[in-house]
Amino acid sequence: MRRHPRRGEAGRPVTPPSAKGAAIGRGIGVGLMYGLWKPRVLGAWRVPATGPVILAVNHAHNLDGPMLMGTAPRPVHFLIKKEAFTGPLDPFLRGIGQVKVDRSAPDRTAITSALAVLADGGVLGIFPEGTRGQGDFASLRAGLAYFAVRGGAPIVPVAVLGSTDRRGRLIRALPPLRSGVDVVFGDPFRAGDAEGRRTRTALDDATVRIQERLTAHLENARRLTGR
């Protein structure tokens, strides 16, 4: 598929995130996540094999994003806070197709890049809570509903469990090496209503539906894994 520049802040062209870069990032993630920990992946077959899709993952630990990149069946373009794009991480994250987002204000460039991922039939990874917390989907931002409705993409709920159970001895900020982490994929669903409305009320209603589905998936994942 031919990739065209989109328009971001001040009308500047925005080059869609690199699909090839995301594939390279997935390869790196597979090597690191399976090499350093013991992921148990459940329900990966639920992720549509082709076409646009949004992976909505809970966020309790900094490892959750890389863990999903290394265990998802398709390459993922994550929306990542701009604070992470510092020093050598900046060109690296851009190179593997990740999307920098400014959470302090509406970021048209990030929005355009994310929609470009979906328009090109790619996988967009989102932390619906907006920031790292309890990882229980208790507080959702409206961005997920916007991308799902505007991009016409199904949402696949993802629960990453076990990343916060214990601290490692060598690196306290990470789980112990070779410890188990569960990644549970849920059934895809559509967030919008039957009429396909994009009004503020429709997006608010979609956010409520999304939160109900994500919370139910997390509860089921905990029962399934015993965590």
Side-chain angles (χ1 to χ4, degrees), residues 1-6 14-34 39-59 64-80 93-101 110-128 143-160 182-198 203 206 209-210 213-214 216-218 220-221 224:
M1 180 180 295
R2 187 176 179 183
R3 298 162 66 81
H4 300 281
R6 276 73 170 182
V14 175
T15 301
S18 170
K20 182 178 179 180
I24 293 173
R26 179 176 181 270
I28 295 172
V30 169
L32 289 177
M33 297 303 106
Y34 283 93
R40 178 172 60 164
V41 183
L42 304 174
W45 55 269
R46 293 188 172 99
V47 179
T50 59
V53 64
I54 297 174
L55 300 184
V57 58
N58 63 322
H59 194 23
D64 297 339
M67 182 60 68
L68 181 56
M69 287 181 64
T71 57
R74 296 172 59 186
V76 182
H77 301 266
F78 258 106
L79 282 171
I80 300 176
L93 290 174
R94 294 176 186 274
I96 60 172
Q98 305 310 294
V99 180
K100 179 172 71 171
V101 59
I111 292 171
T112 302
S113 296
L115 291 175
V117 168
L118 298 176
D120 287 347
V123 180
L124 184 65
I126 294 180
F127 297 116
L144 175 54
Y146 175 82
F147 288 121
V149 173
R150 177 76 183 274
I155 298 172
V156 172
V158 187
V160 178
D182 293 328
V183 183
V184 186
F185 294 87
D187 292 318
F189 66 93
R190 297 280 178 176
D193 58 25
E195 288 76 28
R197 294 177 301 149
R198 299 181 182 180
L203 291 179
R209 286 192 293 271
I210 291 170
R213 293 292 295 265
L214 297 187
H217 170 68
L218 182 58
N220 181 65
L224 185 65

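Side-chain atoms of Gln98 do not come within 3.5 Å of backbone N or O of Pro17 as any donor-acceptor pair. In this structure a side-chain-to-backbone donor-acceptor pair under 3.5 Å is present from Arg209 to Ala191. Under the 3.5 Å distance criterion, the side-chain polar atoms of Arg213 are left unmatched by any main-chain donor or acceptor of Arg190. Although no hydrogens or angles enter the test, the distance criterion places a donor-acceptor pair under 3.5 Å between the side chain of His217 and the main chain of Val184.
Across Pro39 and Met67, no two heavy atoms sit closer than the pair CG-SD, 3.8 Å. Residue Val30 comes nearest to Gly70 through the heavy atom pair CG2-O, 3.2 Å, listed as atom of the first residue, atom of the second, then distance. Between Ile210 and Ala145, the shortest heavy-atom contact is CD1-CA, 3.7 Å. Listed here is the closest heavy atom pair of Val57 and Pro128: O-CD, 3.2 Å. Of all heavy-atom pairs between Ala44 and Pro73, the closest is O-CG, 3.6 Å.
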**Prompt:** Stepwise, does the side chain to side chain contact (heavy atoms under 4.5 Å, CB included) test hold for Lys100 with Arg94?
**Reply:** CA-CA 8 Å; Lys100 179 172 71 171; Arg94 294 176 186 274; 3.0 Å; yes

**Message:** Between Phe78 and Phe127, does the side chain to side chain contact (heavy atoms under 4.5 Å, CB included) criterion hold? Intermediate values first, please.
**Reply:** CA-CA 9 Å; Phe78 258 106; Phe127 297 116; 3.8 Å; yes

**Message:** I'd like to know whether Tyr34 forms a side chain to side chain contact (heavy atoms under 4.5 Å, CB included) with Thr71, so could you lay out the CA-CA distance, the side-chain angles of the two residues, the decisive distance to 0.1 Å, and finally the verdict.
**Reply:** CA-CA 9 Å; Tyr34 283 93; Thr71 57; 3.9 Å; yes

**Request:** For the pair Ile155 and Phe147, evaluate side chain to side chain contact (heavy atoms under 4.5 Å, CB included) and give the outcome as yes or no after the intermediate values.
**Result:** CA-CA 10 Å; Ile155 298 172; Phe147 288 121; over 6 Å; no

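Note: His59 NE2 to Asp64 CG = 6.5 Å, rounded to the nearest 0.5 Å. Between the CZ atom of Arg26 and the CG atom of Leu68 there is a distance of 10.5 Å, given to the nearest 0.5 Å. A distance of 12.0 Å separates CD1 of Ile126 from CD1 of Ile80, quoted to the nearest 0.5 Å. A distance of 5.0 Å separates CG in Leu79 from CG in Leu124, rounded to the nearest 0.5 Å.
For the side chain to side chain contact (heavy atoms under 4.5 Å, CB included) with Ile54, the qualifying choice from Leu118, Val117, Val156 is Leu118, the only one to do so. Put simply, the residue from Leu55, Ile28, Ile96 that forms a side chain to side chain contact (heavy atoms under 4.5 Å, CB included) with Met69 is Ile96.
Within the 4.5 Å cutoff, the side chain of Arg74 has heavy atoms near those of the Val53 side chain. Two residues are said to be in side-chain contact when any heavy atoms from C-beta on lie closer than 4.5 Å; Leu224 and Asp182 fail this criterion.
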